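Note that the structure is predicted; figures quoted are calculated from it, not measured. Lettering follows sequence order; numbering is per chain, from 1. Keep in mind that the numbers below use all heavy atoms, side chains included, and drop hydrogens, waters and symmetry copies.
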Number of protein chains: 2
Amino acid sequence: MSIQQSPFARKLGAFVALSGEELSALDRLHGRRKTFPAGRDIVHEGQVNHSAYILASGWVCSYKLLSGGTRQIVDFQIPGDFLGLRSVLFRTADHNIEPVTKVEASEVPAADLLATFGKTPRLATAVLWAASRDEAMVVEHLVGIGRRDAKERTAHFLLELGARLKLVGLATASGYACPLSQYMLADALGLSAVHINRELRELREDGLVTFQHGKVEIHDLDGLVALADFDKTYLDHDGPLLK
Amino acid sequence: MSIQQSPFARKLGAFVALSGEELSALDRLHGRRKTFPAGRDIVHEGQVNHSAYILASGWVCSYKLLSGGTRQIVDFQIPGDFLGLRSVLFRTADHNIEPVTKVEASEVPAADLLATFGKTPRLATAVLWAASRDEAMVVEHLVGIGRRDAKERTAHFLLELGARLKLVGLATASGYACPLSQYMLADALGLSAVHINRELRELREDGLVTFQHGKVEIHDLDGLVALADFDKTYLDHDGPLLK
DNA sequence: CGAGAACTTGAACAGGGTCAAGATGCGTGG
DNA sequence: CCACGCATCTTGACCCTGTTCAAGTTCTCG
């Protein structure tokens, strides 16, 4: 795969028009390629001196555990996403990262990352932009959990995932492969697994979406968008800001 | 006020040891000082070509409005905080910013910010760190709304605010001045104003905190921390990562 | 083919919302 | 300095969304 085609490079390029030199600096950032099995945490809260990763294939989730034993999934990451940036900057990880499926990712050592920022400031700005986009997603989840009811929230979530996957070529307007269990959906949406199940059934019975057999099939996109009050502005790249 | 004493410079300095030159670049970033009255939005969602701001005095809140007319407050900003960074990087604002009180802030034009990053890469890294800290707060709010009940959530919120205010010298271990109404608390915590009122009464009757007359008084810090399962790691600066 | 994981459904319950009515505080103008 | 009016706070009663518990059922994969 050529440098220009890496999904992460493509994403950053959407904000900052990267020069050949910047692209190769970005390429050198990709360290050792590692594989992780599903289910065993890559990084756990409180861990120090870990690396960041650029996700090449598979899905992971970032979550926090509460004292009562419940967990809240903050976000899922899909191919092309950057993992653990925040934890590297803080030195000690503030959340857990668990592979949902088998995962392949390039390690990005903390020292390399910081050194690269010093030498390639536009890359630092691009990463800041990418981090802001992640924050925008977390904000949208917060709004959903705080003020949307279970059905809207579920619909919104499925639409957001679809929009993100489409950007990296893993979804079409009619659906996508989705390895998440209903338990994970529940932990991401702040609901119980039982209730998620009921909401999914309703969405199916309304002819809007199905979430079954590892696939999401969107049967009525407009209806779903209307129900969820979905506005994908916060996910969009509208061309480089920095020329 | 000397450069080194600006709360924003102090905050960035906690992550990156800033040189004299970097500090003066940071200082030049502070543009025109502006004053905003309480209640009228500084930035509204969808707005383009607005500036970012560094908050000098007063409180503001960042919020989103939903189609149903409800709103979700994402965070409050206090003196020393950076406002609207995300919206500047996206060119079009993805949330509203409303002053809670009368506010004084230095304007930071988008172009100046990006130019400074190019010339002073360590400053870009420092701002990335500050943005990550903000994201960590949003994540903590998400976890609270998703998995904590109303009482824990309220307690957690009051503790977080206290910890943040203490960092800029606006709180002591026993309390702080707080201009928020119960309605704003409700919109921040994803609860109804009526229910917030009941929870505040309970916290008061339990001898933990009072939230009255524009003041928060903490009567039993340990009890509150235990109730809220509060771990302030995510707010801490533990010394410069970049020397 | 068997066993555990994931999904499904029902029934009872509770946390928090909504509606309604009053009390309290506070800024403004007279 | 007082009085009026509005915003904020307070409390009660009832209701609804989503939880919990429990008992199957259906996948999936070794």
Side-chain angles (χ1 to χ4, degrees), chain A residues 37-40 59 61 66 68-73 98-102 144-158 177-205 209-216 227, chain B residues 37-40 61 66 68-73 98 100-102 144-158 177-205 209-216 227:
Chain A
R40 195 153 64 259
W59 293 35
C61 69
L66 302 198
T70 56
R71 78 166 176 174
Q72 176 66 46
I73 292 178
E98 175 189 317
V100 171
T101 65
K102 182 186 161 199
I145 294 188
R147 293 297 185 208
R148 277 192 256 264
D149 71 23
K151 198 170 185 179
E152 296 166 352
R153 211 185 299 176
T154 308
H156 195 280
F157 176 83
L158 295 176
C178 176
L180 306 178
S181 70
Q182 294 185 3
Y183 292 88
M184 291 183 207
L185 272 198
D187 282 343
L189 297 177
L191 296 168
S192 67
V194 170
H195 200 61
I196 277 284
N197 182 280
R198 294 192 229 275
E199 295 301 338
L200 287 174
R201 171 155 54 91
E202 282 201 31
L203 289 172
R204 194 184 331 128
E205 287 169 359
V209 238
T210 57
F211 178 97
Q212 279 172 327
H213 318 299
K215 275 205 288 271
V216 173
L227 167 64
Chain B
R40 193 150 68 255
C61 70
L66 301 196
T70 57
R71 78 166 176 174
Q72 176 67 45
I73 292 178
E98 175 189 317
V100 171
T101 63
K102 183 185 160 200
I145 293 188
R147 293 298 186 206
R148 278 192 254 265
D149 70 23
K151 198 170 184 178
E152 295 166 353
R153 211 185 297 175
T154 308
H156 194 280
F157 176 83
L158 296 176
C178 177
L180 306 178
S181 70
Q182 294 185 4
Y183 291 88
M184 292 184 204
L185 271 197
D187 282 342
L189 297 176
L191 296 167
S192 68
V194 171
H195 200 63
I196 277 285
N197 182 279
R198 293 193 230 273
E199 295 300 338
L200 288 174
R201 171 155 54 91
E202 282 201 33
L203 290 171
R204 195 186 328 129
E205 286 169 359
V209 237
T210 57
F211 179 98
Q212 278 172 326
H213 318 300
K215 275 205 288 272
V216 173
L227 167 64

Ser192(B) and Ala186(B): which non-hydrogen atoms are nearest, and at how many Å?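 Between these two residues, the closest heavy atoms are C-CB, 3.7 Å.
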Heavy-atom pair of closest approach, residues Ile73(B) and Met184(B): CD1-O, 3.6 Å
Round to the nearest Å and state the distance from [X] atom [atom1] to [N] atom [atom2].
X	N	atom1	atom2	value
Ile196(A)	dT8(C)	CD1	P	12 Å
Glu202(A)	dT9(C)	CD	P	12 Å
Leu180(B)	dC9(D)	CG	C1'	15 Å
His213(A)	dT28(D)	NE2	P	7 Å
Ile145(A)	dT19(D)	CD1	P	11 Å
Leu200(A)	dT9(C)	CG	C1'	14 Å

Please determine whether a side-chain nitrogen or oxygen atom of Gln212(B) lies at a distance below 4.0 Å from atom OP1 or OP2 of dG25(C).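 For Gln212(B), the contact criterion (side-chain N or O under 4.0 Å from OP1 or OP2 of dG25(C)) is not met.
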Counting only side-chain nitrogens and oxygens, does Asn197(B) get under 4.0 Å of the OP1 or OP2 atom of dC9(D)? no
Rounded distance (nearest 0.5 Å) linking atom [atom1] of [X] with atom [atom2] of [Y]:
X	Y	atom1	atom2	value
Leu189(A)	Ile196(A)	CG	CD1	4.5 Å
Cys178(A)	Gln212(A)	SG	CD	12.5 Å
Arg147(B)	Asp187(A)	CZ	CG	5.0 Å

Are any non-hydrogen side-chain atoms of [X] and [Y] less than 4.5 angstrom apart?
X	Y	result
Leu185(A)	Phe211(A)	yes
Leu180(A)	Phe157(A)	yes
Leu191(A)	Arg153(A)	yes

With 3.5 Å as the limit, what N/O pairs link the protein to nucleotides 10-15 of chain C?
unit_1  : atom_1 : unit_2    : atom_2 : d
dG10(C) : N7     : Arg198(A) : NH1    : 3.3
dA11(C) : N6     : Arg198(A) : NH2    : 3.0

Considering heavy-atom distances to DNA chain C, does Phe211(A) or Arg147(A) have its closest nucleotide positioned more toward the 5' end?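 That would be Phe211(A).
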Using the side-chain contact (heavy atoms from CB on, under 4.5 Å) criterion, which residues pair with Glu152(B)? Sequence neighbours excluded.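 side-chain contact (heavy atoms from CB on, under 4.5 Å) list for Glu152(B), sorted by chain: Arg148(B), Asp149(B), Leu227(B).
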Which residues within residues 183-193 of chain B lie with some heavy atom under 4.0 Å of an atom in DNA chain C? Gly190(B), Leu191(B), Ser192(B)
